[in-house]
Every structure is written in C-alpha cells, then in structure tokens.
Number of protein chains: 2
Amino acid sequence: MEKTNKILDAALKLFVEYGFHGTPTSKIAQEAGVANGTLFNKFKTKDDLIVALFVDIELRMSKFVEENSKETTSFKDTFKELYFASLYWIIDNKIEFRFVQQFKTSPFLSLIAPEEIEKAHKPICELLQKGIEAGVIKPLPVDYLVMLISSLIYGLNDYLIKNEFSKPKQHAVISDTFDLLWDMIT
Amino acid sequence: MEKTNKILDAALKLFVEYGFHGTPTSKIAQEAGVANGTLFNKFKTKDDLIVALFVDIELRMSKFVEENSKETTSFKDTFKELYFASLYWIIDNKIEFRFVQQFKTSPFLSLIAPEEIEKAHKPICELLQKGIEAGVIKPLPVDYLVMLISSLIYGLNDYLIKNEFSKPKQHAVISDTFDLLWDMIT
DNA sequence: TTTAAAATTGACTAATCAGTCAGCAAAAGT
DNA sequence: ACTTTTGCTGACTGATTAGTCAATTTTAAA
C-alpha cells in the first residue's frame, strides 16, 4: 500500500475518533507507520490532508455508485438503483461517511469550492431532470428534490445505525423508505 | 448580562467560525470580555463548556417550540404548529443550529447521555403516538417517523440557507414541504 | 558499478494552549 | 467599621503542536 494511502487511512480513523484538531499529525504518522516528515512531504499542511481526504472519499463514493447502479429501461428502477447503491455504500463505509458529515458541518467546508461539493450530486440531478421531463417526477426544482432525497438517505442511515437490525430487516426498512420517497416525489 | 452567558455567547460564535479545537479558551474569554481565569471558574474544563453550550441551546429550542406552538383541536394543525415552530426557531437561530449540527457529528457527542439527546424529541414523539392511536398517522415506529420528519426539517433548512428566498417565498416552500411530509406519514 | 535524484527519516523549534493560583476587589454578614 | 466570603483577575507553566531540515536510505539512470 502506498504511503500516501496509509496516511489517508490513518487520518480517517483518527479524525472520526478524536476530531480534526483533536488528532495531532504525529499520531497520524505513527498510526500510518511513517515518519513525521513524510506526512508533510505528501501533504503540505494538515489542512491540505483534511481536504484531500474529503475529496478522496467523495470520489470513492461516486465511483462506487456509478459502478454499482445499472441503467435500466424503467426510470423508477434506474432511480432505485441509484438510491440503493448510495445507501449501501454509506452502510458499508460508516467511518468514511461519519468523516464526510463531520467535514460538511465544520469550518473546513469553506476550504472547498461549492462546485466540488455539488459534483457528487451530478448523476442524481441529471436523472431527476429526465424524470421531470418525462412527466414521472413532480416538476419541482431539482436541487429541492435532491435535498429531499439526500436528507432522507442521511436520516435513514442514522436510524439504521441506532437500531441494529438484521440484514433482511434492514433491507426491508430501506425498501419501505424507498416507497415512501417515491410516492413523495411522483 | 451574566458573565456565564457572555462566555456561552462568545463560545458559540467562535466555535461555529473556527471549530471546537480551533478556538482557544483565551479567545473565548477575550471575546466575552472576561478574564481567562473566569472562564475556568464558570466551567471546569473546555469540554464542560462545550457540553454546557449544547445543553443550553437544546433547552432554548425546546422552550421556544413549546411556547410557540398552540395546542389545537385538529391533530393536523397541532402537528403543523410544532413543525413550523421548529423550523422558525432554526431559521432565526442559524448559528445555534450550526453549532448543534457540528456538535452532533463530532466526537463530543459521546460526552452526553443518549437520553439527553432524545429529550428534545419528546413532544413530537408523544404527539405522533397519539396520531397513530387515532388512526391519522401511518402505524410506523415512532422513532422512524421522527427520523423522517427531522431529516426533512434539517434538509429544508440547509436548502433555505443556500437559496436566499424572500420571506413570502420562504414561507411557501416551508408550507409546501409540510404538505409533502404530511402526505408521506398519513 | 558509479552517480545522481528522489524519497524518507526523526530530532528539533517556535509557537500555542488548557488550566492554575496567588492576590485583588466587591459584597455580604455581623 | 470590621471581617468573611465570594467572585474575578491575568501573569504564569508544563505540555503539546504543526511544520522544518540536515542527514540517511532507496531508487533510477548512466
């Protein structure tokens, strides 16, 4: 494994556990098994590391969702694919998602251009636009729809974490929530 | 104004701007116009201050919602009162709400007993329970319903901040969102 | 093999921070 | 008026931190 990735990995783990400022760079280097100086060789500053980690995670999530949601002939099914892929990534990458949440509510968010943050919403935006044009989805502003959908996904994720359901039960809750969501936007 | 409140006020402002660890206690004392030592006289540690601030804000929000939502004879109207009061408090107390969001996604959350966090949801839980018993609300788990409602409120708040609508337009969006929410849970 | 370039190291530093404490000031009690 | 209690102050400290850099190792090139 590349040292850069080892550092990102260690940083992720420690940031989620102790917070951004609560985690010294020396601890990150130690956890990653590299020297103190190597960290600053790979990332100019600690802030750079934090931002790089955020961008990396967003990219990994986008890639997963893209690769794991098949395009189908039915609009509803395509939308469902996207919904499930997103949720499954979040569920399987709890720590990554906690970091993203922490980052997005922190002052570090201002270090990133708004376009960069929006980028993750691009596939869903495009799909919704098509849905509206096809008359399937209610003709509401796309960013409003994205808000409705993503807040529901985030909330559902928190709910699933709090209640440790069995896999089938979990799947049922996710599926039922999709139906509620679908009824809401169509 | 009490010195304790001045400290809480200064801390709130600075925490939201620079983050928890990014804000030195010395700056908080300075901003509050009190001596360094006074801060530690009022709050044993910095962590104590952070937790006290969170509890204080949650209390203020609960009090506002309670005082500004009239009980009506119609279940729907009572529910609507609660929904609007919550949203209006959040909109008028953006900084407080940003702090709450930052706190809830931070490792500091573990310093608080889960019951303390749930306490803010008590009124809505009770109301929903009644609504289910009266056959108005879908018979879903109450904490699931609370999740649906609060995630929508949080999302809507973010949406309203991003799009700086005029007051009437803002009210219209809030009202329309209520209708979507109502259809979803009944 | 020799040489040059690139990556890695960890001891080091200047700065910063949370929390202390001896003393001062203001109330409150007698 | 005198004493006691309480609240407040800010200079101080020991510990910690982000980031540096000269020296060393590893890799690549000739």
Side-chain angles (χ1 to χ4, degrees), chain A residues 1-57 99 102-112, chain B residues 1-57 95 98-99 102-112:
Chain A
M1 197 181 195
E2 295 291 329
K3 297 208 168 177
T4 303
N5 282 327
K6 275 189 189 173
I7 292 168
L8 287 171
D9 237 49
L12 170 65
K13 188 183 151 188
L14 293 170
F15 284 151
V16 169
E17 189 166 357
Y18 303 107
F20 298 121
H21 290 93
T23 307
T25 51
S26 55
K27 279 253 168 59
I28 297 171
Q30 195 182 28
E31 175 83 21
V34 302
N36 225 306
T38 304
L39 190 149
F40 288 96
N41 211 308
K42 304 291 183 183
F43 305 94
K44 235 173 71 183
T45 64
K46 190 182 176 181
D47 280 14
D48 274 12
L49 166 60
I50 293 170
V51 168
L53 183 53
F54 175 77
V55 172
D56 178 61
I57 290 173
F99 173 85
Q102 217 168 304
F103 183 91
K104 281 193 177 176
T105 59
S106 80
F108 288 102
L109 183 65
S110 62
L111 297 178
I112 300 215
Chain B
M1 201 182 195
E2 297 289 329
K3 299 208 166 176
T4 304
N5 282 326
K6 277 189 186 169
I7 293 168
L8 286 170
D9 238 50
L12 170 64
K13 189 184 150 186
L14 294 169
F15 284 150
V16 167
E17 191 166 357
Y18 303 108
F20 298 122
H21 290 93
T23 307
T25 52
S26 56
K27 280 253 167 58
I28 298 171
Q30 196 182 28
E31 174 84 21
V34 302
N36 223 307
T38 305
L39 191 151
F40 288 97
N41 211 307
K42 304 291 183 183
F43 306 95
K44 239 173 68 185
T45 65
K46 190 182 179 182
D47 281 14
D48 273 13
L49 166 61
I50 293 169
V51 168
L53 183 55
F54 175 77
V55 171
D56 178 61
I57 291 173
I95 299 175
R98 286 205 57 196
F99 173 85
Q102 215 167 305
F103 183 91
K104 280 193 178 176
T105 58
S106 80
F108 287 102
L109 184 63
S110 62
L111 296 179
I112 301 218

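The chains referred to below are lettered A, B, ... by the order of the sequence lines, with proteins before strands, and numbering in each begins at 1.
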Strand contacts (DNA chain C) in residues 40-57 of chain B, 4.0 angstrom heavy-atom criterion: F40(B), T45(B), K46(B)
Residue-level proximity of residues 19-31 of chain B to DNA chain C when a heavy atom falls under 4.0 Å: T23(B), P24(B), T25(B)
I95(B), CD1: over 12 other non-hydrogen atoms inside 6.0 angstrom: no
Flag if over 12 foreign heavy atoms under 6.0 Å of NZ, K104(B): yes
Main-chain N/O of D48(A) paired to T45(A) side chain as donor or acceptor, under 3.5 Å: yes
DNA chain D: 5'-most and 3'-most nucleotides touching chain B, 4.0 angstrom heavy-atom criterion: dC8(D) to dG10(D)
Should [X] and [Y] count as side-chain neighbours, where that means a heavy-atom distance under 4.5 Å?
{"X": "I28(B)", "Y": "F15(B)", "value": "yes"}
{"X": "I112(B)", "Y": "F103(B)", "value": "yes"}
{"X": "L111(A)", "Y": "F54(A)", "value": "no"}
{"X": "F108(A)", "Y": "D47(A)", "value": "yes"}

Listed partners of A52(B) passing side chain to side chain contact (heavy atoms under 4.5 Å, CB included), at least two apart: F43(B)
Side chain to side chain contact (heavy atoms under 4.5 Å, CB included) against F40(A), all qualifying residues, sequence neighbours excluded: T25(A), N36(A)
Pairwise distance CG(L39(B)) to OG1(T4(B)) - rounded to 0.5 angstrom: 9.5 Å
Distance, nearest 0.5 Å, that separates CZ of R98(B) from CG of L12(B): 10.5 Å
Closest heavy-atom pair and its distance - I7(B), K42(B): CD1-CG, 3.9 Å
Quick one: which protein N/O atoms are closer than 3.5 Å to N/O atoms of nucleotides 10-12 of chain C? Pair and distance per line, please.
from    : atom 1 : to     : atom 2 : distance (Å)
dG10(C) : N7     : G37(A) : N      : 3.4

